[in-house]
> 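Pasting a structure here, questions to come.
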Amino acid sequence: QVQLVESGGGSVQAGGSLNLSCTASGYADSNYCLGWFRQAPGKEREGVAAIYTGGGSEIYADSVKGRFSISHDNARMIYLQMNSLKPEDTAMYYCAVDRGACVMLRGVISPYFGHWGQGTQVTVSS
């Protein structure tokens, strides 16, 4: 049974940094797309960053390029380093895992992941 558990969220002032972690377990060794999504109140879930364990470049939403960085440790720990945080980054952040390559739909990270964590809250004050 796949389990994803996020940690590292919190409250910071604008311009600050947070490093989110996701502990992943319960799936076989293979190649996966590892992603981070976020959802603010009243808004749709948004793909923030994704990385394919089989190689290739990371994918970022335009809103976070140059500020956020996704990485992983053997697909069992997934990280999202967030720098220069803005109030509009305030949201619940979720990690997600899906078998195979990352997929883009109409220029954004596809939300069709098979496994999701419960989320960790990030609040950025101005």
Side-chain angles (χ1 to χ4, degrees):
Q1 181 178 354
V2 176
Q3 286 192 320
L4 303 174
V5 180
E6 301 94 338
S7 62
S11 297
V12 295
Q13 290 191 325
S17 298
L18 284 172
N19 189 22
L20 304 184
S21 299
C22 176
T23 302
S25 62
Y27 50 82
D29 290 335
S30 183
N31 284 320
Y32 295 87
C33 181
L34 313 175
W36 283 96
F37 290 75
R38 67 186 181 187
Q39 189 166 20
K43 294 189 177 181
E44 292 188 355
R45 188 169 292 188
E46 173 192 21
V48 173
I51 184 169
Y52 177 52
T53 62
S57 302
E58 300 102 58
I59 304 169
Y60 295 97
D62 289 343
S63 57
V64 306
K65 279 181 183 175
R67 301 188 297 122
F68 290 12
S69 177
I70 186 172
S71 61
H72 71 95
D73 183 1
N74 201 29
R76 294 298 184 265
M77 290 294 297
I78 311 165
Y79 304 101
L80 185 68
Q81 177 66 43
M82 306 187 295
N83 299 323
S84 302
L85 283 162
K86 304 175 181 179
E88 51 264 43
D89 295 318
T90 295
M92 185 72 78
Y93 283 71
Y94 302 88
C95 66
V97 173
D98 200 41
R99 188 184 292 271
C102 300
V103 176
M104 299 290 287
L105 289 177
R106 294 183 292 277
V108 299
I109 300 168
S110 168
Y112 299 112
F113 278 64
H115 306 286
W116 294 84
Q118 293 300 306
T120 186
Q121 177 68 37
V122 171
T123 302
V124 185
S125 57
S126 58

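Not measured: the values here are computed from a predicted model.
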> Quick one: do M92 and V5 end up in the same hydrophobic cluster if we chain Ile, Leu, Val, Met, Phe, Trp and Tyr together by side-chain heavy atoms under 4.5 Å apart?
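No, it is not one cluster - the side chains of M92 and V5 are not joined through contacts under 4.5 Å.
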> Measure the spacing between CD1 of I51 and SG of C33 and express it to the nearest 0.5 Å.
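One gets 9.0 Å once the value is rounded to the nearest 0.5 Å.
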> Once side-chain hydrogen bond (donor to acceptor under 3.5 Å, both in side chains) is applied, what residue pairs with a partner in residues 5-26 remain, sequence neighbours excluded?
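Every side-chain hydrogen bond (donor to acceptor under 3.5 Å, both in side chains) pair that includes a residue of residues 5-26, provided the two are not neighbours, is S17-N83.
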> Are L20 and Y60 co-members of a hydrophobic cluster defined by side-chain heavy atoms under 4.5 Å apart?
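In one cluster with Y60: L20, yes.
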> Check the hydrophobic clustering (I, L, V, M, F, W, Y; side-chain heavy atoms under 4.5 Å; chains of links allowed) and say if M82 and I70 are grouped together.
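Yes, M82 and I70 fall within the same hydrophobic cluster.
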> Would you kindly confirm whether I59 and Y52 end up in one hydrophobic cluster when ILVMFWY residues are joined by side chain heavy atoms under 4.5 Å apart?
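Shared cluster, no.
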> If you look only at pairs with a residue in residues 86-96, which of them pass as a side-chain hydrogen bond (donor to acceptor under 3.5 Å, both in side chains), with sequence neighbours excluded?
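Checked against side-chain hydrogen bond (donor to acceptor under 3.5 Å, both in side chains) - neighbours excluded - the pairs reaching residues 86-96 are R38-D89, R38-Y93, R67-D89.
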> Which heavy atom of G9 sits nearest to which heavy atom of T120, and what is that distance?
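For G9 and T120, the tightest heavy-atom pair comes out as N-OG1, 3.2 Å.
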> Please name the pair of heavy atoms, one in C102 and one in A50, separated by the smallest distance, quoted to 0.1 Å.
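Answer, listing the atom of C102 first, then A50: SG-CB, 3.9 Å.
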> Can you list the other members of the hydrophobic cluster that holds M77, where links are side-chain heavy atoms under 4.5 angstrom apart?
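M77 shares its hydrophobic cluster with Y79.
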> Taking all non-hydrogen atoms of both residues, which atom of A14 and which atom of S126 are closest, and how far apart?
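Scanning both residues, the minimum pair turns out to be CB-CA, 4.3 Å.
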> Distance from C22 atom SG to R76 atom CZ, nearest 0.5 Å?
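Reported value, rounded in 0.5 Å steps: 11.5 Å.
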> Does CD in Q121 sit with more than 12 non-hydrogen atoms of other residues, nucleotides or ligands closer than 6.0 Å?
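Yes, CD of Q121 has more than 12 neighbouring heavy atoms, counting only those of other groups under 6.0 Å.
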> Does the pair F37 and W116 meet the rule for a ring pair (Phe, Tyr, Trp, His ring centres under 6.0 Å), with working shown?
CA-CA 10 Å; F37 290 75; W116 294 84; 4.8 Å; yes
> Does the T53 side chain pair with the main chain of Y32, one donor and one acceptor, at a distance under 3.5 Å?
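Yes: the side chain of T53 pairs with the backbone of Y32.
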> Between L85 and V48, is there shared hydrophobic-cluster membership here, with clusters defined by ILVMFWY side-chain heavy atoms closer than 4.5 Å?
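Hydrophobic grouping puts L85 with V48.
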> Working to the nearest 0.5 angstrom, can you tell me the gap between F68 CZ and L18 CG?
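It is 9.0 Å, given to the nearest 0.5 Å.
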> Begin with the C-alpha distance, continue with both residues' side-chain angles, and end with the deciding distance and a verdict on side chain to side chain contact (heavy atoms under 4.5 Å, CB included) for Y112 and D98.
CA-CA 8 Å; Y112 299 112; D98 200 41; over 6 Å; no
> Within this structure, what is the NE2-CD distance for the pair H115 and Q1, rounded to the nearest 0.5 Å?
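It comes to 10.0 Å.
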